[in-house]
Asker: 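Mind looking over this structure? Questions follow.
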Amino acid sequence: MPVNDTDYYKIYDQFTNEERVLKESVRRFLDKEIRPLVLEAFHTEEPLDMRKIAPKMGRMGLIGADLPQKYGCPGASYVDLGIICQEVERVDSSLRSYVEVQSGLVMTPLYKFGTEEQKKKWLPALASGEAIGCFGLTEPNCGSDVSSLETVAKKDGKHWILNGTKQWISEASLADMAVVWAKTDHGIQGFIVERGQEGFTQSFQKHKGSMRAGDVGELAFVDCRVPEENVLPEATGIKATFACLNHARYGISWGAVGAAIDCYETALRYSLERVQFGAPIASYQLVQDKLVTMLIEITKAQLLAYRLGRLMDEGKAMHGQISMAKKNNIKIARMCARTARELMGANGISLDSSPMRHMANIESVYTYQGTDHIHTLILGMDITGISAFGR
Amino acid sequence: MKIAVCLKQVPDMESKFKIVDGKKIDESQIAFKINDFDNYAVEAALQLKEKLGGEVVIVTCGPDRASKDIRQAFAMGADWGIHVNDPAVESGDNFVVASVLQKAIETIGGVDLVLTGVQAEDDQAAVTGVMLADLMGLPHCTNVKKLEINGNNLTVNRELEGGFNEVIEMSAPAVLSIQSGINEPRYPTLPGIMKAKKKRLDVKKGADLGVSPKSKTDFIKMFFPVSEHKAEIIQGDPATAAAKLIEKLKTEAKVI
């Protein structure tokens, strides 16, 4: 098997021909068109130019992959979506953030909870990459505890008036629209807020140590008037937010495998080339132990992601399984980034190779879309029937 | 314009090659992909179809796994295909493959142009396209770097050593073997892949095509060349070193 296609347990043999073609094509596209841009974007914290890149990704069918062709989307499967996330995060987590925020957190709620007019207006534009969306849930004082949202929406005739701040939002400064969650008199509600709306400010967050190739920032609402037709009618209550998050968490479980594989393959190539004490370092037992540990954990992570994908496509996946895959696979990616960096010694700290960048990015992924702790509690509650959230 | 493109699946050259019993490659460690030269041929055919209309038909000899790369060509935009999946053909030489391709292309009917890659990345024989042209009784041109069509008239640039081109005029139907770099092959997109699922792929045996050709060559064995690491650096001033070199070439290497 080529050194650039880690598949020790022949999981790809389970893929259909079309899934294999997708995987190979997405990889070729990204390696040629986008990978060369990532290093400089990360180093300078000047995000990748998604106005140029998103339409290319849209043409490839990488956005909203699982949503229906009726709305200009590919109408493909969850496994296809997973393959896309894996290949995209192999390049950089910020790109996978874009794919999953757009597909899972913006397009999925529009598709599930929006009106026909909202779907027709936004889904084809978002799928083509011509429009860019963001998702506003997290706030300065509200992270894991979604019920503690402080952004409020008050009805005023045919408008809603939004006040509040959303933080750590992917594509915040660039987005043409945001799916925003706010508290109303009858609970949590989803809204579409469009760029340029009075009282809506979008800003870029600098000085991050992670996701530096991506646009991350803040959304602020000061008496922002949102017309009635921009309410997502079915998006009510905390459950609606979780429906979107499950989609994104699923994508992350595959994406993490991509980041882990990139680290492992980089370290494997390095260990075969780097000569110390008269032999390639790959010939030393301590180095082999590290390589084998990475490969075993990556293989297990691949199996979890693959099986979860098939379960999603059969409509049988449970949220606990999604939590298990997200929690485990990110832990593995984190371990692989660190181990690969160790194997590469001083050369590993340079951004010229990928493990250090993946390591920094994975810290965000470890925390967002449900922290590692939260997924433990979801699984704990699932197997014991006892909630350990709050007291 | 009806165009047939001959497509071969080959090992990814980054794979780990292991020879079993001096006879074949251990496939368990190998990833397979579309022959790069054929990918340019597919793209060339698709560009002609976009300009002139018609259809692009993929013709492949290979085992089950080769269907993946036929689907790739479908995802790029090819219309349908014939997959000759027959161990007897698989074990034959280039002549066997060319004979089977000829019969398969005959069943399509009314083909104006047959495109192949210049060669396959694995055996690098570069003869199948030429044999095919001869069997079909059609004019052919190899190493095609540029292709223009006006009605039935083809103007092709043929690449020679050192980057020279010769310009040849010929008329369709014809067989052209396409050189890499003639175009930039498109990426299969996910919407294209979704469409590819529904495209027609006829699977045939040699017998279905009424053909059972015999190989013209015998396969003896395959092996990795042994590297002998023989090198000698001749010391001394240029005149002495040159004299010594000539002496060695005459007496030791016996090449002059």
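Heavy-atom basis, side chains included; hydrogens, waters and symmetry copies ignored. Since the structure is predicted, the reported quantities are computational estimates derived from the model, not experimental observations. Letters A, B, ... are given to chains in the order of the sequence lines, protein chains preceding strands, and every chain is numbered from 1.
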Asker: Kindly compute the distance separating CG (A:Leu22) from OH (B:Tyr187), expressed to the nearest 0.5 Å.
Answerer: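 These two atoms lie 14.5 Å from each other.
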Asker: Show the nearest heavy-atom pair for residues B:Thr189 and A:Arg59, with the distance to one decimal.
Answerer: CG2-O, 3.3 Å
Asker: Is it true that atom CZ of A:Phe29 has more than 12 heavy atoms of other residues, nucleotides or ligands lying nearer than 6.0 Å?
Answerer: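 Yes, enclosed.
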Asker: Treating B:Lys68 as the side-chain partner and A:Thr16 as the backbone partner, does any N or O pair qualify as donor plus acceptor under 3.5 Å?
Answerer: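 Checking the backbone N and O of A:Thr16 against the side chain of B:Lys68, no donor-acceptor pair under 3.5 Å is found.
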Asker: Run the salt-bridge test on A:Lys32 and B:Glu184 with the 4.0 Å N-O cut-off and return the result as yes or no.
Answerer: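 The answer is yes: the pair qualifies as a salt bridge.
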Asker: Start with the C-alpha gap between A:Glu18 and B:Met194, add the side-chain angles, then the distance that decides, and say whether side chain to side chain contact (heavy atoms under 4.5 Å, CB included) holds.
Answerer: CA-CA 8 Å; A:Glu18 287 79 10; B:Met194 298 301 289; over 6 Å; no
Asker: Counting only heavy atoms closer than 4.5 Å, note whether A:Leu62 contacts chain B via side chain, backbone, both or neither.
Answerer: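 Neither; nothing under 4.5 Å.
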Asker: Does NZ belonging to B:Lys195 count more than 12 external heavy atoms closer than 6.0 Å?
Answerer: no
Asker: Please determine whether the number of non-hydrogen atoms from other residues, nucleotides or ligands lying under 6.0 Å from atom NZ of B:Lys49 exceeds 12.
Answerer: yes
Asker: On a heavy-atom basis, which atom in A:Met60 and which in B:Pro191 lie closest, and how many Å separate them?
Answerer: O-CD, 3.9 Å
Asker: What distance do B:Ile193 atom CD1 and A:Asp80 atom CG have between them, rounded to the nearest 0.5 Å?
Answerer: 7.5 Å
Asker: What pair of heavy atoms forms the shortest contact from B:Leu190 to A:Gly61, and how long is it?
Answerer: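 Closest approach of B:Leu190 to A:Gly61: CD2-O, 3.2 Å.
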Asker: Flag yes if more than 12 heavy atoms outside B:Phe17 fall under 6.0 Å of its CZ atom; otherwise flag no.
Answerer: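 Result for CZ/B:Phe17: enclosed.
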Asker: Sort A:Glu24 into side chain, backbone, both or neither according to what part of it lies under 4.5 angstrom from a heavy atom of chain B.
Answerer: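 The answer is the side chain of A:Glu24.
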Asker: Counting N and O atoms only, with roles assigned by atom type, does the side chain of A:Ser25 sit under 3.5 Å from a partner on the main chain of B:Pro188, one being a donor and the other an acceptor?
Answerer: yes
Asker: Is it true that atom NZ of A:Lys112 has more than 12 heavy atoms of other residues, nucleotides or ligands lying nearer than 6.0 Å?
Answerer: no
Asker: Rounded to the nearest 0.5 Å, what separation is found between the CZ atom of A:Arg20 and the CZ atom of B:Phe32?
Answerer: 11.5 Å
